[in-house]
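Per chain, numbering begins at 1; letters A, B, ... match sequence-line order.
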Protein chains: 2
Amino acid sequence: MNKDPLLGYISTYVKLTAEEETLLLSKVIYRSYLKDQYIVQQGDVCKSINFITSGCTKTFYMNAKGQEHIVSFSIEDWWTSDLGSFINKTPADFNIQCVENTKLIQFTNENMEELYEKIPKLERLFRKIVERAFISSQKRIIRNFSLSAKERYQIFKETYPKIEQRVPQYMIASYLGITKEFLSKIKSQLLHH
Amino acid sequence: MNKDPLLGYISTYVKLTAEEETLLLSKVIYRSYLKDQYIVQQGDVCKSINFITSGCTKTFYMNAKGQEHIVSFSIEDWWTSDLGSFINKTPADFNIQCVENTKLIQFTNENMEELYEKIPKLERLFRKIVERAFISSQKRIIRNFSLSAKERYQIFKETYPKIEQRVPQYMIASYLGITKEFLSKIKSQLLHH
DNA sequence: AAATGAAGTTAAACTAGATTAACATCTAAA
DNA sequence: TTTAGATGTTAATCTAGTTTAACTTCATTT
């Protein structure tokens with residue numbers, strides 16, 4: 001039925017007519033990236049909002065000392081972008097890099113504006129998507145404050161079992177806000193209970 | 001011109017007609033709370049999205065050990081809610097409590113849905129509001145990972161000078177994710193440089 | 001089959017920030 | 001005017017997590 005993964009995804013939020021679906025697909029760009037390629041580089045303006053159809057990316061901040069801090073991983077059926085940079089056309093705070101070969105569907109800022117005008121239902125779609133993202137971001141702040149690294153790791157494994165198996169351990173440590181050495185210690189503690 | 005602070009605020013995002021403004025005002029509830037009163041209690045379902053017209057609130061999570069972790073402060077012209085609870089009608093993760101006597105304008109879930117149907121421009125308004133909230137939440141996660149408590153305190157002072165003067169220091173410590181004793185130490189370090 | 005490098009482990013020494021506890025200051029009520 | 005509660009400070013001790021560094025394991029290339 002839904003030949004396109006994006007349309008399938010959208011239909012779970014809002015119902016588009018056939019014409020709207022055609023218009024939408026005419027305004028998106030299909031792209032493939034190889035493992036390790038950058039979709040967005042910190043300092044550049046982020047030109048797209050991206051819907052991932054296959055693969056895996058990491059969004060990270062690199063500080064002055066050259067340390068990576070991973071904000072999020074994204075896999076199939078998730079969105080990724082530096083939203084602040086995309087909306088305000090300011091230099092990106094984050095890098096988005098492929099952890100696997102990745103296929104995605106891009107919306108540029110101009111196409112996005114046009115689509116919002118022509119298909120107002122998309123305002124609702126993206127309102128809801130951003131609401132969810134915001135809610136989970138708030139929860140993450142609280143978890144980082146109130147839980148130990150070990151507890152955060154256990155919750156990560158439960159919440160994102162797929163991601164845990166697909167990305168190297170040192171990236172998980174970075175996502176959790178700890179060093180790879182300390183995550184290694186936590187894992188051995190959990191093994192030898 | 002704009003007799004109502006809410007309409008004034010909204011007009012900076014989207015232009016409403018006089019009829020739309022009237023409809024909107026007919027669907028909101030004006031409320032006053034005293035200092036220390038709760039607007040939302042953790043565990044209850046959060047029934048409203050609130051636009052603050054005067055006063056100050058704190059949104060915090062209380063963990064199993066009874067420790068408060070402040071997620072955010074809100075003052076005039078800001079919104080406050082437990083969005084996850086409001087949208088999904090699930091028990092609230094957070095408490096929202098007044099730090100000062102506070103006046104606010106409430107949108108219930110049903111009124112909100114009705115307003116979205118009748119004034120589609122509001123979808124855009126709230127999309128943009130939530131986008132901003134999400135962007136700053138992401139930045140906060142990164143700051144908590146990559147900066148020391150002293151640096152976070154300095155950024156807090158620069159970013160929210162008004163709030164710093166209005167809330168007690170132990171709440172700022174909680175917002176920063178540190179103890180009041182450690183914030184006290186940081187302040188004396190900054191004084192006697 | 002050896003060599004290179006990326007990813008993960010272990011352990012010792014170290015530090016940012018927590019905990020505990022005693023004390024200080026301020027305010028508002030009685 | 002005293003008292004009591006809330007807020008803030010100082011200092012000693014403690015700990016979760018970092019740093020550094022040496023070592024292991026595994027996959028890929030030559």
Side-chain angles (χ1 to χ4, degrees), chain A residues 34-37 56 58 60 62-70 73 97-101 141-157 163-193, chain B residues 34-37 56 58 60-70 73 97-101 141 143-157 163-193:
Chain A
L34 294 174
K35 184 180 174 186
D36 295 336
Q37 274 193 305
C56 180
K58 62 172 173 176
F60 65 100
M62 181 158 289
N63 71 9
K65 294 166 214 141
Q67 292 160 323
E68 270 189 34
H69 296 278
I70 294 181
F73 296 107
Q97 187 182 17
C98 297
V99 176
E100 303 173 355
N101 293 343
I141 289 174
I142 283 302
R143 270 189 242 116
N144 288 345
F145 276 161
S146 62
L147 301 179
S148 69
K150 188 190 272 183
E151 291 167 317
R152 267 145 46 210
Y153 172 59
Q154 287 172 315
I155 288 173
F156 175 80
K157 281 204 299 186
I163 292 176
E164 211 238 334
Q165 273 140 32
R166 282 164 72 170
V167 308
Q169 197 167 308
Y170 72 91
M171 289 188 197
I172 295 173
S174 170
Y175 176 88
L176 295 172
I178 59 177
T179 58
K180 60 185 170 36
E181 290 85 356
F182 192 54
L183 179 54
S184 185
K185 197 173 184 177
I186 287 170
K187 287 187 84 168
S188 85
Q189 276 173 19
L190 289 171
L191 271 175
H192 322 108
H193 72 288
Chain B
L34 295 174
K35 184 179 172 184
D36 294 338
Q37 276 195 303
C56 180
K58 62 173 173 176
F60 65 99
Y61 168 76
M62 182 158 288
N63 72 9
K65 292 165 217 143
Q67 293 160 323
E68 271 189 34
H69 296 278
I70 295 182
F73 297 107
Q97 189 183 16
C98 297
V99 176
E100 303 172 356
N101 294 343
I141 290 174
R143 270 189 241 113
N144 288 345
F145 277 162
S146 61
L147 301 179
S148 69
K150 187 191 273 183
E151 291 168 317
R152 266 143 47 209
Y153 172 59
Q154 287 172 314
I155 288 173
F156 175 80
K157 281 204 300 185
I163 293 177
E164 213 239 333
Q165 273 141 32
R166 282 164 72 170
V167 307
Q169 198 167 308
Y170 73 88
M171 290 187 197
I172 294 172
S174 170
Y175 177 88
L176 295 173
I178 59 177
T179 58
K180 59 185 171 36
E181 290 85 356
F182 193 55
L183 179 54
S184 187
K185 196 173 185 178
I186 286 170
K187 286 187 84 168
S188 84
Q189 275 174 22
L190 289 172
L191 271 175
H192 321 107
H193 69 289

How far apart are the closest heavy atoms of [X] and [Y], and which atoms are they?
| X | Y | answer |
| --- | --- | --- |
| Phe73(A) | Ile172(A) | CZ-N, 4.3 Å |
| Ala149(A) | Ile186(A) | CB-CD1, 3.7 Å |
| His69(A) | Asn63(A) | NE2-ND2, 3.5 Å |

Protein-nucleotide distance ([X], atom [atom1]; [N], atom [atom2]), rounded to Å:
| X | N | atom1 | atom2 | result |
| --- | --- | --- | --- | --- |
| Ile178(B) | dG8(D) | CD1 | C1' | 14 Å |
| Lys185(A) | dT15(D) | NZ | P | 13 Å |
| Lys180(B) | dA22(C) | NZ | C1' | 12 Å |
| Leu147(A) | dA16(D) | CG | P | 15 Å |
| Glu181(B) | dA16(C) | CD | P | 18 Å |
| Gln189(B) | dT10(D) | CD | P | 11 Å |
| Ile186(A) | dT18(D) | CD1 | P | 9 Å |
| Lys187(A) | dA7(C) | NZ | P | 14 Å |

Given [options], identify the nucleotide with an atom nearest to the side chain of [X].
| X | options | answer |
| --- | --- | --- |
| Thr179(A) | dT9(C), dT7(D), dT18(D) | dT18(D) |
| Gln67(B) | dT19(C), dT9(C), dG17(D) | dT19(C) |
| Arg152(B) | dA7(C), dG17(D), dG17(C) | dG17(C) |
| Phe182(B) | dG17(C), dT10(D), dG8(C) | dG17(C) |

In this structure, CD1 of Ile163(B) is separated from OH of Tyr175(B) (nearest 0.5 Å) by 7.5 Å

For dT9(D), take OP1 and OP2 only and decide whether either is under 4.0 Å from a side-chain N or O of Gln169(B).
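Checking dT9(D) against Gln169(B), a side-chain N or O does come within under 4.0 Å of OP1 or OP2.
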
